[in-house]
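Naming convention: chains lettered A, B, ... in sequence-line order (proteins, then strands); numbering from 1 in each chain.
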Amino acid sequence: MQQIHDTINDWYLENARDLPWRRPGVSGWEVMVSEFMLQQTPVVRVLPVWEEWMRRWPRPQDLAAEPLSEALKAWGRLGYPRRAQRLHAAAVEITTEYNGEVPRTEAQLLALPGIGDYTAAAIACFAFAERTVVVDTNIRRVHARLFGGMALPEPSPRASEFARAREVQPEDDRTANLWNVSVMELGALVCTARSPKCGQCPVFEQCAWVAGGQPAPHYTPKGQAWKGTDRQVRGAIMAILREHEEAVPQQSFLADLAQESDAGYVALARLQSPLDQRERALAGLLKDGLAIAEDNGIRLPS
DNA sequence: AAAGCGTGGAG
DNA sequence: TCTCCAAGCTT
């Protein structure tokens with residue numbers, strides 16, 4: 001096992017991407033913002049937004065001093081805007097409860113809004129060199145193949161996966177710390193979900209999945225519905241709200257909505273449909289876009 | 001605990 | 001074109 005540790009860690013030192021939140025001396029806040037943005041979002045799309053956020057809000061208290069709507073607008077088109085809402089709330093909590101210092105223990109991080117098992121372990125490990133067991137989608141996939149001989153991990157994380165992740169960790173703290181990010185990077189660059197680059201894999205010889213003849217996945221992932229959903233409605237509404245610095249009169253707001261193809265039609269139909277459906281659309285808006293809507297003076301049909 | 005939550009690029 | 005997927009979290 002130590003052979004595998006050294007091989008993957010060495011591979012990382014040679015092949016890791018030069019990402020700004022991995023630079024030496026980055027703050028806990030810089031790591032934390034990157035982790036929020038990277039939840040379900042590719043690195044290339046996060047990079048420019050992260051740079052802008054760090055320029056504008058270099059400390060938690062800087063973001064906490066802003067209205068939520070600014071965070072939502074600056075979130076841009078990263079998707080899942082409630083992450084911006086939770087990051088803002090976390091910044092407020094760090095400012096009031098931790099004197100502006102991002103907490104360094106997993107338990108403290110886990111208690112903040114928007115931070116779950118993965119993000120807590122990641123921030124503690126990457127920013128503060130705490131010994132944690134990081135389990136993300138990349139690591140789950142590498143473990144499933146390398147140790148489990150399976151094409152893909154189970155659709156949702158199992159307790160057994162966390163147990164295995166703990167068991168395969170290096171004993172030495174420093175090596176374990178590097179192992180976390182190394183396995184993750186291997187999953188991101190080589191051991192990818194679709195068409196893995198096994199020819200470039202440093203542990204090709206040790207891989208249980210390869211040894212088993214690379215069997216196909218034992219399940220077919222189900223895609224998420226999009227057309228006609230509340231999410232599509234919110235997406236269309238948020239897209240318009242983001243682009244306005246000033247108040248958007250209801251009439252021009254609805255006109256903008258009508259001009260949006262597809263999503264706009266769905267949103268408009270919802271907003272003008274019978275009460276129960278309209279309430280669903282409004283409820284969705286209220287969850288993510290209430291502050292931005294209020295700031296813009298949006299008054300939806302009632 | 002399964003479902004809901006945005007967005008855009010790759011294959 | 002259409003499906004899958006990307007450093008998950010919350011209820």
- Message: Measure CD/A:Glu154 against P/B:dA1 and give the value in whole Å, please.
- Response: 15 Å
- Task: For DNA chain B, find the residues of residues 14-46 of chain A with a heavy-atom distance under 4.0 Å and give them by number; none if there aren't any.
- Result: A:Gln40, A:Thr41, A:Arg45
- Reading DNA chain C 5' to 3', which nucleotide is the first, and which the last, to come under 4.0 Å of any heavy atom in chain A? C:dC4 to C:dT10
- Note on the structure: Taken in chain and number order and not counting sequence neighbours, the residues that satisfy side-chain contact (heavy atoms from CB on, under 4.5 Å) with A:Ala16 are A:Tyr12, A:Arg22, A:Glu185
- Mark yes when over 12 heavy atoms from residues, nucleotides or ligands other than A:Arg17 sit less than 6.0 Å from its CZ; otherwise mark no. yes
- Query: Considering only heavy atoms, which members of residues 184-196 of chain A lie under 4.0 Å from some atom of DNA chain C?
  - Reply: A:Met184, A:Ala188, A:Ala193, A:Arg194
- Taking it one step at a time, do A:Arg164 and A:Glu167 satisfy salt bridge (Lys or Arg N to Asp or Glu O under 4.0 Å)? CA-CA 5 Å; A:Arg164 179 171 62 189; A:Glu167 287 170 10; over 6 Å; no
- Task: Evaluate whether atom CD of A:Gln61 has more than 12 neighbouring non-hydrogen atoms of other residues, nucleotides or ligands under 6.0 angstrom away.
- Result: yes
- Pairs flagged by ring-ring contact (aromatic ring centres under 6.0 Å, His included) wherever residues 162-194 of chain A is involved - sequence neighbours left out: A:His5-A:Trp179
Extract all donor-acceptor atom pairs below 3.5 Å that involve side chains of residues 86-95 of chain A and protein atoms in other chains or at least two apart in sequence.
{"from": "A:His88", "atom 1": "NE2", "to": "A:Glu66", "atom 2": "O", "distance (Å)": "2.7"}
{"from": "A:Thr95", "atom 1": "OG1", "to": "A:Ala91", "atom 2": "O", "distance (Å)": "2.8"}

With a cut-off of 3.5 Å and sequence neighbours excluded, list every side-chain donor-acceptor pair involving residues 143-152 of chain A.
{"from": "A:Arg145", "atom 1": "NE", "to": "A:Ala151", "atom 2": "O", "distance (Å)": "2.8"}
{"from": "A:Arg145", "atom 1": "NH1", "to": "A:Cys191", "atom 2": "O", "distance (Å)": "3.4"}
{"from": "A:Arg145", "atom 1": "NH1", "to": "A:Thr192", "atom 2": "O", "distance (Å)": "2.8"}
{"from": "A:Arg145", "atom 1": "NH2", "to": "A:Ala151", "atom 2": "O", "distance (Å)": "3.3"}
{"from": "A:Arg145", "atom 1": "NH2", "to": "A:Thr192", "atom 2": "O", "distance (Å)": "3.2"}
{"from": "A:Arg145", "atom 1": "NH2", "to": "A:Ala193", "atom 2": "O", "distance (Å)": "3.3"}

- Message: Below 4.0 angstrom, which residues in residues 136-149 of chain A have at least one non-hydrogen atom near DNA chain C?
- Response: A:Asp136, A:Thr137, A:Asn138, A:Arg141
- Item | Residue closer to the 5' end of DNA chain B, A:Ser156 versus A:Gly76 (nearest nucleotide) | A:Ser156
- Query: Once you round it to whole Å, what is the distance between C1' of B:dA2 and CD of A:Gln224?
  - Reply: 12 Å
- Task: Send over the distance from A:Leu47 CG to B:dG9 P, rounded to a whole Å.
- Result: 14 Å
- Message: Could you check whether A:Arg141 and A:Asn138, counting side-chain N and O atoms only, form a donor-acceptor pair closer than 3.5 Å?
- Response: yes
- Task: Hey, could you give me each pair passing side chain to side chain donor-acceptor pair (under 3.5 Å) that has a residue in residues 203-216 of chain A? Not counting sequence neighbours.
- Result: none
Using residues 114-121 of chain A as the side-chain source, report each donor-acceptor pair under 3.5 Å to any protein atom, sequence neighbours left out, with the distance given to one decimal.
{"from": "A:Tyr118", "atom 1": "OH", "to": "A:Glu35", "atom 2": "OE1", "distance (Å)": "2.8"}
{"from": "A:Thr119", "atom 1": "OG1", "to": "A:Gln39", "atom 2": "NE2", "distance (Å)": "3.0"}

- side chain to side chain donor-acceptor pair (under 3.5 Å) contacts touching residues 120-135 of chain A (sequence neighbours left out): A:Arg104-A:Glu130, A:Arg131-A:Gln169, A:Arg131-A:Asp173
- Query: Mind checking what makes side-chain contact (heavy atoms from CB on, under 4.5 Å) contact with A:Arg77, not counting sequence neighbours?
  - Reply: A:Ala239, A:Arg242
- Query: Taking atom C1' in both C:dA7 and B:dA2, what distance in whole Å separates the two?
  - Reply: 23 Å
- Task: Locate the shortest heavy-atom distance separating A:Arg45 from A:Thr41; write the atom from each residue and the value.
- Result: CB-CG2, 4.4 Å
